[in-house]
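Hydrogens, waters and symmetry mates play no part in the numbers below; they use all other heavy atoms, side chains included.
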Amino acid sequence: MYRTHDCNSLRKTDIGKQVTLAGWVHVLRDHGGVIFIDLRDRAGLTQVVFRPEENAEVAKEARSLGSEDVIEISGRVAARVPGTENPKLATGDIEVIPNRLQILNRADALPFPIDAEIHNEDLRMTYRYYDLRRPRLARNLRVRHRVAKATRDYLDSQGYIEVETPILSKSTPEGARDFLVPSRLAPGKFYALPQAPQQYKQLLMVAGVEKYFQIARCFRDEDLRADRQPEFTQIDIEASFVTPDDIFGVTEGMLRAIFKAARDIDIKAPFDRLTYREAINRYGSDKPDRRFGVQLVDISDDFRSSGFKVFRGALDAGGVVKAINAKGFAGITTGQIEELTETAKLFGAKGLAFIKVENREWKSPIVKFFSDAEKAALQSKLKIEEGDLILFGADKWETACEVLGRTRLRVAEIQDLHGKAAKGQSGSDWDFLWVTDFPLMQWSAEENKWNAVHHPFTRPKAADVALFDAKKFGEIRAEAYDVVLNGVEIGGGSIRIHEPELQEKMFEALGVSTEDRQSLFGHLLRALRLGAPPHGGIALGLDRLVMLICGEDTIRDVMAFPKNNRGLDLMTQSPADVDPRQLRELSIRLASEKRLEGRAPSRP
RNA sequence: GGAGCCUUAGCUCAAUUGGUUAGAGCGCCGCCCUGUCACGGCGGAGGUUGCGGGUUCGAGCCCCGUAGGCUCCGCCA
């Protein structure tokens, strides 16, 4: 037996007991005579004291120990010398005086200190197993576990069952780039890793499962971000005979259970709801961060006959003029204005008009073009006060909203409006929101076709089905919804199409040929003809959710072994070359080797 | 595919206008130290300043290129 107790369990009441502990040498303090070791395991720290006069042999060996050596000690629990108790440690009243020391494993010189913040992520990833010993990451792993457990417990309590779906799956044309897996038994053919268990979970509804969930690994071969990894985890939920309200209810209940279990936080439910159109109109984003005000205000009507050509031109072209009031930000520097303008241009604006209100004066390159009536309208609609900064967007609706929405976020960032709110303790620091009524399809000028905004199985709102026949695809609203937390999309879902005729209509609108419908989606269409119940669901990004709960800035810090932003695992050095024999078995020849083809030595 | 920021000792950082032998703390190695808890003291090792080129009498510093890391845009139904 390696140990009788962990390093966080001994107290005053244990004094006199003979115990055995095992763990890592956290810190060693060698006083020449007496030697102190803080012994660490996953539970905590216990001070171990080696005294030469009590056991010279053991003390001598202890002197040779270094940081992160793994040891096992046996000894008696003793009260600390009065006055030397350490109130910072849970075990600070006692110490262990060993009569036996076993060195289980020695550690080399360490690549970086375990008890300090380190920003060299490269190095951390290379030694990830060591990085994970750091308290913050160790805590994140445990929070993640508690989130997963609360998810399973809650959904189980609601009658949902967890069903595993295949990882070796089939490529579909829509959506993200697939990771492909070559088949040995079917030469030249490929599996695809699932981007999500979407079709399988719908088929489980046809199977009569009625209430399904899965903590499912998903794979997408796209470029990475701080909150995007090539493989990630979704809490995937699907249910039959449900309306959006049913899905909202189970999601809210689950998130309440998760926050309670992970951080003992009571979040407020039901969550507010905004339609997609309102969200864009008021916040310039389909995942608005509402922890600070600064809403977009439409001032189009006040400038219809304006003498200011930029506004007038946008309006005459059928666009809008909108503005935000960045309260108290008149002190913005010229450099910051330039930076905001750059941001605005990046998202399609031609420029970024502004007014600074300083010393009761409107300082602005454009205000001279405004009439008194226009100024009065601005004053009242934007509630302009001393110290404010007004920023304008004049363009077609989507562009003006997005530009101001992005500008709004950047302003908040500069002013640190959202600050560390998400890292707070109280329920009100967590702003949950449903965004509903997303458009069903979006025109892609690049591909010259309509694409599904959510996915091709999303149900149109009943009131908008007639628009299919009118071919007004862009106006059809979907029975689709996202759940947003503090400006981060943490999940999304929809009610699905369960009628084969409607599904065919949808494929037709998306330009999926009759042949492709059969070869790619035939199984689903056949399933819909065998008694598919009405169904719908949602998927939540577990990594993002845990990231927010842990107050981290990247999902890498809540994953045990993440990849860097080029998709490389620096610890295992994957992806890597494989043995040519493996390739031959898979009937694969690398394009980079093709030019050597003729010269390659033939094998016996 | 594009943009920005970063790269100096194992780690975190410094190095005045371009100017002597590139420094400090931590870590590492050695010695000393019997009540510390970020123990302390003395000594030591450790650097192709990411790499390549250029400007210059002289480059860690300026210029060009390149590699790597991170962030963002595109992309991510």
Which one is paired to [N], where only Watson-Crick or G-U wobble pairs with both distances under 3.5 angstrom count?
N: B:G52; result: B:C64
N: B:A24; result: B:U12
N: B:G43; result: B:C29
N: B:G19; result: B:C57
N: B:A3; result: B:U71

Looking across every strand, which nucleic acid part, if any, lies under 4.0 Å from [X] by heavy atom: base, sugar-phosphate, or nothing?
X: A:Glu121; value: sugar-phosphate
X: A:Pro111; value: sugar-phosphate
X: A:Glu117; value: nothing
X: A:Asp221; value: nothing
X: A:Arg406; value: sugar-phosphate
X: A:Leu224; value: nothing
X: A:Glu95; value: base

Choosing from [options], which nucleotide comes nearest the side chain of [X]?
X: A:Ser67; options: B:C28, B:C76, B:U36; value: B:C28
X: A:Asn565; options: B:C75, B:C70, B:U34; value: B:C70
X: A:Arg228; options: B:G69, B:C28, B:G74; value: B:G74
X: A:Phe347; options: B:C11, B:U34, B:C73; value: B:C73

Any salt bridge linking [X] with [Y]? Criterion: basic side-chain nitrogen under 4.0 Å from a carboxylate oxygen.
X: A:Arg228; Y: A:Asp223; result: no
X: A:Glu413; Y: A:Arg410; result: yes
X: A:Arg106; Y: A:Glu68; result: no
X: A:Asp289; Y: A:Arg408; result: no
X: A:Lys472; Y: A:Asp464; result: no

Less than 6.0 angstrom separating the ring centers of A:Phe521 and A:Phe507, yes or no?
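Close enough - the centres of the two rings lie under 6.0 Å apart.
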Measure centre to centre between the rings of A:Phe219 and A:Phe232, then say whether the value is under 6.0 Å.
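That pair fails the under 6.0 Å test.
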[N] and [M]: how far apart are their [atom1] atoms, nearest whole angstrom?
N: B:G46; M: B:U36; atom1: P; value: 36 Å
N: B:C32; M: B:G19; atom1: C1'; value: 42 Å
N: B:A67; M: B:G53; atom1: C1'; value: 14 Å
N: B:U49; M: B:G4; atom1: P; value: 27 Å
N: B:G60; M: B:U55; atom1: P; value: 16 Å
N: B:U17; M: B:G10; atom1: C1'; value: 34 Å
N: B:G23; M: B:C70; atom1: P; value: 32 Å
N: B:C51; M: B:C61; atom1: P; value: 11 Å

Between [N] ([atom2]) and [X] ([atom1]): distance, integer Å:
X: A:Ile118; N: B:C26; atom1: CD1; atom2: P; answer: 17 Å
X: A:Tyr130; N: B:C11; atom1: OH; atom2: C1'; answer: 10 Å
X: A:Leu123; N: B:U12; atom1: CG; atom2: P; answer: 7 Å
X: A:Leu570; N: B:C70; atom1: CG; atom2: C1'; answer: 12 Å
X: A:Leu65; N: B:C37; atom1: CG; atom2: P; answer: 20 Å
X: A:Glu447; N: B:C76; atom1: CD; atom2: C1'; answer: 13 Å
X: A:Gln442; N: B:C76; atom1: CD; atom2: P; answer: 10 Å
X: A:Arg124; N: B:C70; atom1: CZ; atom2: P; answer: 11 Å

Would [X] and [Y] count as having a side-chain donor-acceptor pair, cut-off 3.5 Å?
X: A:Asp543; Y: A:Gln229; answer: no
X: A:Gln202; Y: A:Tyr200; answer: no
X: A:Glu121; Y: A:Asn564; answer: no

Can you confirm whether A:Glu398 is buried at CD, in the sense that more than 12 heavy atoms of other residues, nucleotides or ligands lie under 6.0 Å from that atom?
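Atom CD in A:Glu398 is crowded, with more than 12 foreign heavy atoms closer than 6.0 Å.
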Please verify the inter-ring angle class for A:His455 with A:Phe457; under 30° counts as parallel, over 60° as perpendicular, anything in between as tilted.
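A:His455 vs A:Phe457 ring planes: tilted.
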For A:Phe112 and B:C11, do the ring centres fall under 5.5 Å apart while the planes stay under 30° apart?
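No; by the centre-distance and plane-angle rule, A:Phe112 does not count as stacking on B:C11.
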Check the phosphate of [N] against [X], side-chain N and O only, distance under 4.0 Å to OP1 or OP2. Yes or no?
X: A:Lys88; N: B:A38; value: yes
X: A:Arg556; N: B:U71; value: yes
X: A:Asn86; N: B:C37; value: no
X: A:Arg566; N: B:G68; value: yes

Specify the residue among A:Leu110 and A:Pro456 whose closest nucleotide of RNA chain B lies further upstream toward the 5′ end.
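The residue closer to the strand's 5' end, by nearest nucleotide, is A:Leu110.
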For RNA chain B, whose closest nucleotide is more 5', that of A:Glu85 or that of A:Ala452?
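This one resolves to A:Glu85.
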Has the side chain of [X] got a donor or acceptor atom sitting under 3.5 Å from an opposite partner on the base of [N]?
X: A:Arg220; N: B:C76; value: no
X: A:Arg225; N: B:G74; value: yes
X: A:Glu53; N: B:U34; value: yes
X: A:Asp223; N: B:G74; value: yes

Identify all pairs in which a protein N or O lies below 3.5 Å from an N or O of nucleotides 3-9 of chain B, and state each distance.
none

Restricting to side-chain hydrogen bond (donor to acceptor under 3.5 Å, both in side chains), what partner residues turn up for A:Asp131, sequence neighbours left out?
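For A:Asp131, the residues satisfying side-chain hydrogen bond (donor to acceptor under 3.5 Å, both in side chains) (neighbours in sequence not counted) are A:Arg124, A:Arg128, A:Arg134.
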Where do N or O atoms of nucleotides 39-43 of chain B meet protein N or O atoms at under 3.5 Å, pair by pair?
| residue | atom | partner | partner atom | Å |
| --- | --- | --- | --- | --- |
| B:C39 | OP2 | A:Arg29 | NH1 | 3.1 |
| B:C39 | N4 | A:Asp30 | O | 2.3 |

Is the NZ or CZ atom of A:Arg42 both under 6.0 Å from the centre of the six-membered ring of A:Trp24 and within 45° of that ring's axis?
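Ring-cation test returns no.
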